[in-house]
Every structure is written in structure tokens, then in C-alpha cells.
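Below is one structure, written out as C-alpha cells; comments come after it.
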Number of protein chains: 2
Amino acid sequence: MTTLAPVAPSPGGHLLHPVVRKLSAYGALTGQEQAALAGLGAGAQRVEGRFDLLSEGAVPESAVLVVEGVACRYRHRPSGARQITAYLLPGDLCDLDFVHPCRMNHSVGTIGTCRVARVPREALAGLVARHAGIARGFRLAKLAEEETTREWVMNVGCRSAIERVSHLLCELHERLRVVGWATKAGYDLPLTQQDLADTTGLSNVHVNRVLRQLRLMRLVEVGGKRVDILNLAGLQAIAEFQADYLRPAVD
Amino acid sequence: MTTLAPVAPSPGGHLLHPVVRKLSAYGALTGQEQAALAGLGAGAQRVEGRFDLLSEGAVPESAVLVVEGVACRYRHRPSGARQITAYLLPGDLCDLDFVHPCRMNHSVGTIGTCRVARVPREALAGLVARHAGIARGFRLAKLAEEETTREWVMNVGCRSAIERVSHLLCELHERLRVVGWATKAGYDLPLTQQDLADTTGLSNVHVNRVLRQLRLMRLVEVGGKRVDILNLAGLQAIAEFQADYLRPAVD
DNA sequence: CGCGCTTTTGAATATGTTCAACCTCAGTGG
DNA sequence: CCACTGAGGTTGAACATATTCAAAAGCGCG
């Protein structure tokens with residue numbers, strides 16, 4: 001039931017642009033900064049699911065801002081196996097460092113239908129140069145992204161199947177909550193079980209079994225493009241989920 | 001047999017500071033820039049193995065520059081399991097973004113004996129502000145670090161045991177080669193099999209079996225703190241190793 | 001030498017994969 | 001309206017891969 005109207009009110013009821021909500025979590029922004037940021041999403045286009053926004057090998061001239069929907073970074077092995085290495089949620093910017101062009105080492109594609117804005121490198125650089133709050137926000141957002149990738153290494157490297165899946169569900173919940181797309185009760189999620197498998201390093205069959213187990217444990221119900229959280233504390237406990245890696249503390 | 005003399009000539013015979021060699025790989029540096037960079041390592045101190053340079057929860061005031069030896073980023077789970085999420089080799093800078101202080105989400109510790117310099121945040125910021133080549137080098141180095149972490153997610157998420165270990169050995173070889181600490185024949189490496197296990201998400205026992213297999217396949221011999229490469233092409237083939245993620249191409 | 005850490009090996013076990021079948025449901029077209 | 005279709009989800013059984021446990025051997029160092 002993802003709404004894709006021109007102006008999409010998120011479940012939290014806020015009309016603020018997700019990128020504004022996201023960066024605000026890293027420190028207050030002035031009204032001017034909020035307006036400038038929101039302007040980035042002005043030309044957002046609707047993009048179908050399973051569509052590549054940036055392809056491996058390309059040298060993109062624009063960054064990609066996800067305004068609505070879910071996209072991911074991924075790569076295929078010669079064998080055909082796919083690994084998803086990050087999710088891009090509303091408010092997330094797929095940067096490219098906004099200084100120098102450089103060759104993409106992986107692809108970025110949508111999962112479900114998205115609304116996405118292309119942001120020219122110069123526009124980003126200008127924003128950062130003029131607004132200290134935005135510069136700071138982007139810096140911390142990038143730091144959070146790095147920490148998240150490390151957390152994923154941890155997840156896939158040393159957690160059991162049920163822990164991995166739980167951790168992923170907790171992370172998505174927390175990140176969507178910040179931008180107003182999740183409530184305590186749950187969130188919409190267009191991922192298939194195969195997507196979850198390609199993220200957690202499990203087989204789709206085993207993901208299915210893990211999800212059933214989580215349902216029987218009355219922790220969370222995943223299905224029909226929807227995640228219903230029955231017992232958040234319990235889910236976080238299994239996952240050993242600590243949200244602090246998502247918000248780099250700065251005193 | 002790691003040399004730890006005050007001025008350590010690397011096996012490649014170069015006397016250049018590893019950080020100079022590393023950043024030069026991302027674009028030529030002026031003599032002035034090289035000198036300024038090399039100055040960072042001036043006050044390097046010797047640090048024993050298995051020693052924490054930065055601890056989880058701390059808010060460091062200085063970055064850490066590894067001049068010699070091997071260190072790593074790691075974290076422990078409550079269960080005691082450890083995951084290594086990155087290696088810091090000679091020339092690597094454990095930054096902290098050199099702008100804002102922020103809380104460490106993981107620890108950084110030495111593996112074997114190291115020579116390490118603490119670099120105050122301001123010194124780094126000054127260097128970057130004054131020297132375009134250094135700024136560019138750091139930017140690309142950071143990009144390479146991010147790509148490397150994603151590559152690790154790939155490694156642990158969807159490769160078999162022998163592929164994971166091979167890939168790690170290839171990556172370390174390539175990175176050490178750039179800074180002059182590896183030859184085609186191999187390199188010194190102070191890691192235990194347990195360290196390899198904590199990196200690849202395997203048990204120490206299984207790492208041992210994989211290493212034996214690689215030895216029997218006449219690809220590489222690991223032991224006695226030394227990695228002897230018998231068939232680099234073969235090892236890279238097993239690992240599907242593509243070094244390009246280590247050097248972000250910029251036309 | 002003796003101690004502690006690392007490496008090595010075997011056997012039993014756990015965990016997750018593969019393969020193949022079947023089910024469900026939404027969308028499509030007769 | 002219903003049959004058809006295809007993608008995604010579910011299930012069982014056989015299997016592969018890696019873990020755990022336990023014991024012994026090697027090695028560096030005081």
C-alpha cells in the first residue's frame with residue numbers, strides 16, 4: 001500500500017522531505033537549509049521496481065536521491081549469485097563523493113517502485129559550501145553509512161540465520177522510522193524473500209524458515225510486502241540490535 | 001622477520017614513507033606534498049601486538065597512522081565472538097573524518113608489533129587545506145576503504161570458505177605490494193589462523209583445513225607469520241579477485 | 001626444560017543448502 | 001466469469017558444508 005502521490009504524506013503525518021528529516025537527526029537545520037535541501041527532491045521521477053539507477057562500470061555525473069521507496073547497492077558474481085551490500089531508503093543519497101567522478105564498482109537498483117531525483121554534482125557541492133548544517137549532516141550521514149556497512153560485515157560474518165534476519169528487520173525499522181515511514185507497529189517493505197536472502201547470505205528457502213520461526217515466536221510477521229512488528233524489544237534482543245551505529249554520537 | 005628499525009626499508013627497497021606510496025597510487029604528489037605527508041609519521045611510536053589503539057566508546061582527539069605492522073578494526077559480541085571488519089596496513093590512516101569528534105563504535109587494535117603515529121585532527125585538516133594532492137589522495141583512499149568494506153560483505157555473504165580465505169590473501173597481497181611490503185613471492189603477515197577465522201566468518205579449525213587445501217593445490221603456503229605465494233594467478237582465480245575496488249578509477 | 005599459545009587432526013554434530021514439488025495469489029485474457 | 005499464467009512463498013528429504021569438541025603435536029620463549 002505504498003502511496004506514490006505527488007506529495008506523499010508519510011505515516012508519521014509529516015510533510016517534511018525525508019532528506020530533511022534524515023539530516024535533522026544529525027543536528028538542527030535552519031529553515032533556509034531545510035528549504036534548500038527539500039529543493040533537491042523537486043524534480044523527482046517515478047521509477048519502476050527492479051530498475052537499475054546506476055550500473056556497474058558507469059561514471060555517473062549525478063548523485064541519486066531516493067525520495068520514496070527502497071533501492072539497493074548490489075553486485076553479481078560470475079556464478080550468478082547476488083549480494084546486496086546496502087539499502088537506500090527515503091532520504092538516502094547515493095553520493096559519489098560529490099567531488100571527483102569515479103567508476104561504479106557495483107550497481108544501484110530499485111527494489112519496488114521509487115521516486116528518485118538525480119542531483120548534479122555541482123548542485124550538491126554548492127549546497128555543502130553554502131550551508132554548514134547541511135555539510136555536517138552529509139558528513140555524519142556518510143559516517144553512518146560506513147558504520148552500517150561494517151555492521152553488515154558483523155551480521156553476515158558472525159551471526160546465526162535468525163539473528164541476521166532479525167538484525168536486518170530492526171535496522172530497516174529504525175531507519176524508516178527516522179524518516180517517517182515506519183511506526184512502532186511496523187512498516188511497508190517491497191523486498192522478496194530472495195532479496196532478504198541475498199542480503200543476509202542465506203538461501204531463500206532458509207529465509208522462509210527463519211521468517212516462520214519469527215512468526216511462531218510472536219516477534220514479527222513478514223509477508224505481503226509488509227512487516228508487522230509484534231514484539232520489538234524481543235526482536236532487538238535476538239538481533240543484539242544497538243541503534244547507535246546509525247547515529248554517530250558527537251557529544 | 002618484520003624489521004622494526006627506526007628507518008625501515010621495505011622489501012621493495014624504497015625509503016618512501018608508506019603513506020606517501022599509498023597516496024601516490026591515487027595521483028602524483030608534489031615534492032612538497034610528499035615531504036608534508038612523510039612528516040606525519042615523524043613521531044611514530046612502537047606498539048606491541050594485541051594492543052588497543054582506540055577503544056570502543058572512546059571519542060579520540062587524534063587519528064592513527066600505521067607506519068609499519070598490521071592493525072585491525074574489530075568488535076566483540078556479547079557471546080565473545082569477534083569480528084574483524086578491516087585491516088590497517090602501513091600507510092593506512094584511521095581517520096575519524098578529521099572534522100568532528102565522534103564516538104568509536106568499534107575498537108582498533110594492533111595484530112603484531114606496529115609503528116604508529118598519532119595525528120592531531122588539526123594537523124590533518126591543515127594538510128588537506130594546504131595541499132590539493134593530499135586532499136585528493138585522502139578522499140580516494142577513503143573511497144577505497146568503503147569499497148573494501150563492501151567487498152568484505154560480498155566475501156562473507158556469498159563466497160565459500162576457500163574463496164573467502166583466498167580473497168583475503170589476495171587483498172592483503174595487493175595492498176601490501178602498493179606500499180612496498182610484499183613482493184610477487186609473498187609477504188610477512190603476523191595474523192594467527194584465529195584472526196583469519198574472525199575475519200572470514202569461519203572457525204579456526206576450518207581455516208586450518210582451507211589453508212592445507214590451498215597448500216596441496218600449490219597455490220599458497222601460509223604459516224610461520226609468512227605468506228608464500230606459489231601461484232598468484234591461480235589464487236586470484238579461485239577468489240575471483242579484481243583489484244579495481246582498491247583503486248577507484250578517476251579517468 | 002616446561003609453559004602457553006598456536007596449529008593440526010579426527011569424529012560427531014549442527015546448520016544451512018539444494019532440489020523438487022506444490023501452493024497461493026494477483027494479474028491477464030478468453 | 002473463469003481458466004491460465006507466472007512470480008513468489010512453503011514444505012520435505014537428502015545432502016553439503018562448516019562447527020564443535022577433544023586431544024595431541026609443534027613451537028617460541030623465559
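Numbered from 1 within each chain, the chains take letters A, B, ... in sequence-line order. These numbers come from the heavy atoms of this one structure, side chains and all, not from hydrogens, waters or symmetry mates. What you are looking at is a predicted structure, and each value in this text was computed from that prediction instead of being measured.
- Screening B:N231, B:V227, B:I238 for a side chain to side chain contact (heavy atoms under 4.5 Å, CB included) with B:V220, the sole residue that qualifies is B:V227.
- Among the atoms of the strands shown, none is found under 4.0 Å from any heavy atom of A:L211.
- Residues meeting the ring-ring contact (aromatic ring centres under 6.0 Å, His included) test with A:H173, sequence neighbours left out: A:Y187.
- Taken to the nearest 0.5 Å, the CE atom of A:M154 stands 13.0 Å off from the CH2 atom of B:W152.
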Kindly determine whether A:E145 and B:R150 satisfy salt bridge (charged side-chain N to carboxylate O under 4.0 Å, His left out), including the steps that lead there.
CA-CA 11 Å; A:E145 189 184 336; B:R150 278 195 272 271; 3.8 Å; yes
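- Side chain to side chain, B:H167 and B:E151 meet the donor-acceptor criterion of an N or O pair below 3.5 Å.
- Here chain B contacts DNA chain C (any atom closer than 4.0 Å to a heavy atom, that is under 4.0 Å), and the contacts span C:dT6 to C:dA11 from 5' to 3'.
- Atom CD of B:E163 sits about 8.5 Å away from atom CG of B:N155, to the nearest 0.5 Å.
- Relative to the axis of its first five pairs, the axis of the last five pairs of the helix from C:dC1-D:dG30 to C:dG30-D:dC1 sits at 30°, rounded to 10 degrees.
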What protein N or O atoms touch nucleotides 23-25 of chain D N or O atoms at under 3.5 angstrom, if any, and at what distances?
none

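- Side-chain atoms of A:R164 come within 3.5 Å of backbone N or O of A:R159 as a donor-acceptor pair.
- Atom CD1 in A:I162 sits 12.0 Å away from atom OG1 in A:T200 (nearest 0.5 Å).
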Polar atom pairs (N or O), protein with nucleotides 5-9 of chain D, under 3.5 Å:
| from | atom 1 | to | atom 2 | distance (Å) |
| --- | --- | --- | --- | --- |
| D:dG9 | OP2 | A:Q193 | N | 2.9 |

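- In this structure the side chain of B:R75 never reaches within 4.5 angstrom of the side chain of B:Q83, judged on heavy atoms.
- For A:N204 and A:Q193, the side-chain atoms include no donor-acceptor pair closer than 3.5 Å.
- For B:G41 against B:A117, the heavy-atom pair with the smallest separation is CA-CB, 4.1 Å.
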As a quick check of understanding, evaluate salt bridge (charged side-chain N to carboxylate O under 4.0 Å, His left out) for B:R50 and B:D195, giving each step before the final call.
CA-CA 11 Å; B:R50 310 288 151 180; B:D195 293 327; 2.6 Å; yes
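- Using a 4.5 Å cut-off on side-chain heavy atoms (C-beta onward), B:E174 and B:E171 make no contact.
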Which atoms of nucleotides 12-17 of chain D (N or O only) lie under 3.5 Å from a protein N or O atom, and what are those distances?
| from | atom 1 | to | atom 2 | distance (Å) |
| --- | --- | --- | --- | --- |
| D:dG12 | N7 | A:R209 | NH2 | 2.6 |
| D:dG12 | O6 | A:R209 | NH2 | 3.4 |

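- With contacts defined as side-chain heavy-atom distances shorter than 4.5 Å, the pair B:V108/B:H106 qualifies.
- Inter-residue side-chain proximity for B:K22 and B:D92 is flagged as met; some heavy-atom pair is nearer than 4.5 Å.
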